[in-house]
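Report on the structure given below.
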Amino acid sequence: QVQLVESGGGLVQPGGSLRLSCVVFGFTLDYYAIPWFRQAPGKEREGVGCIRSRDGSTYYTDSVKGRFTISRDNDKNTVYLQIDNLKPEDTGVYYCAAQRSRYDCLQFLNGRAVDYWGKGTLVTVSS
């Protein structure tokens, strides 16, 4: 059974950092692209970045480039989202998702073609 479990969210001051984890069950990261999304209060969900299964290449949307870093540990079946220099506008629920694909992940950042989702972890940036 495919399952994704996020953790690592919490309350952090502006300028701080967090590392979110996404542990996956029921499949291997060798064959699934992992996009990350967030949903701020009162706003639509947006894709923030993804990691490609074939080679671990990462891609980010312009709004987070330079502050967000996605990595993975295949042995631990875990994907990480490191967020640095947190801003109040980063507040929201962060989700990881999975879609079987070896060669792409960008196409999944709109969220429409993604089969599997985690339940999310809340990040609150406030002083």
Side-chain angles (χ1 to χ4, degrees):
Q1 182 180 359
V2 173
Q3 190 177 5
L4 299 91
V5 180
E6 303 95 334
S7 64
L11 174 63
V12 64
Q13 292 187 342
S17 297
L18 276 178
R19 188 177 78 160
L20 308 183
S21 298
C22 171
V23 182
V24 306
F25 302 90
F27 65 94
T28 70
L29 295 173
D30 292 328
Y31 293 96
Y32 280 75
I34 305 293
W36 281 90
F37 301 83
R38 67 182 179 186
Q39 187 164 21
K43 295 188 176 181
E44 292 188 355
R45 183 184 62 206
E46 65 168 336
V48 296
C50 61
I51 186 165
R52 189 168 70 176
S53 64
R54 183 175 73 92
D55 58 4
S57 296
T58 55
Y59 304 88
Y60 306 93
T61 57
D62 288 342
S63 62
V64 305
K65 202 172 292 183
R67 298 192 300 118
F68 285 33
T69 304
I70 299 172
S71 61
R72 69 182 183 186
D73 184 334
N74 286 19
D75 291 337
K76 295 183 178 179
N77 292 328
T78 301
V79 178
Y80 303 100
L81 176 64
Q82 175 74 33
I83 310 175
D84 297 317
N85 190 22
L86 277 154
K87 304 176 180 181
E89 53 264 39
D90 293 321
T91 294
V93 180
Y94 284 72
Y95 302 89
C96 62
Q99 180 61 36
R100 188 176 177 95
S101 173
R102 286 276 287 162
Y103 300 103
D104 195 12
C105 69
L106 280 173
Q107 65 174 306
F108 306 123
L109 282 181
N110 61 21
R112 288 196 290 266
V114 177
D115 285 340
Y116 305 107
W117 293 83
K119 294 183 178 181
T121 186
L122 177 63
V123 173
T124 304
V125 185
S126 176
S127 55

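Excluded from the calculations below are hydrogen atoms, water molecules and symmetry mates; all remaining heavy atoms, backbone and side chain alike, are included.
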Against the six-membered ring of Tyr95, is Arg38 placed for a cation-pi contact (under 6.0 Å from the centre, within 45° of the normal)?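 Judged by the rule, Arg38 and Tyr95 form no cation-pi pair.
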Counting only N and O atoms by type, is there a donor-acceptor contact under 3.5 Å from the side chain of [X] to the main-chain atoms of [Y]?
| X | Y | result |
| --- | --- | --- |
| Gln99 | Asp115 | yes |
| Tyr60 | Ile70 | yes |
| Thr58 | Ile51 | no |
| Arg102 | Asp30 | yes |
| Glu6 | Leu20 | no |
| Arg52 | Ser57 | no |

Separation between [atom1] of [X] and [atom2] of [Y], rounded to the nearest 0.5 Å:
| X | Y | atom1 | atom2 | value |
| --- | --- | --- | --- | --- |
| Leu4 | Thr78 | CG | OG1 | 10.5 Å |
| Phe68 | Leu18 | CZ | CG | 10.0 Å |
| Phe108 | Arg100 | CZ | CZ | 11.5 Å |
| Ser101 | Tyr32 | OG | OH | 10.5 Å |
| Ser21 | Arg72 | OG | CZ | 15.5 Å |
| Ser17 | Arg67 | OG | CZ | 10.0 Å |

Closest non-hydrogen atom pair, [X] against [Y]:
| X | Y | answer |
| --- | --- | --- |
| Phe25 | Val5 | CE1-CG2, 3.9 Å |
| Pro41 | Gly92 | CD-CA, 4.3 Å |
| Pro14 | Ser127 | CD-N, 3.7 Å |
| Val64 | Val48 | CG2-O, 3.3 Å |
| Val114 | Ala97 | CG1-CB, 3.4 Å |

When you group the ILVMFWY residues by side-chain heavy-atom contacts below 4.5 Å and let the links chain together, are [Y] and [X] in the same group?
| X | Y | answer |
| --- | --- | --- |
| Leu86 | Tyr80 | no |
| Leu122 | Val125 | no |
| Tyr94 | Ile34 | yes |
| Val93 | Val123 | no |
| Trp117 | Leu81 | no |

Non-neighbouring partners of Ser63 that pass side-chain hydrogen bond (donor to acceptor under 3.5 Å, both in side chains), sequence neighbours left out
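If we apply the side-chain hydrogen bond (donor to acceptor under 3.5 Å, both in side chains) test to Ser63, skipping adjacent residues, the hits are Thr61.
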**Salt-bridge criterion met for Asp90 and Lys87 (N-O under 4.0 Å)** =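 A salt bridge is absent here (no side-chain N lies under 4.0 Å from a carboxylate O).
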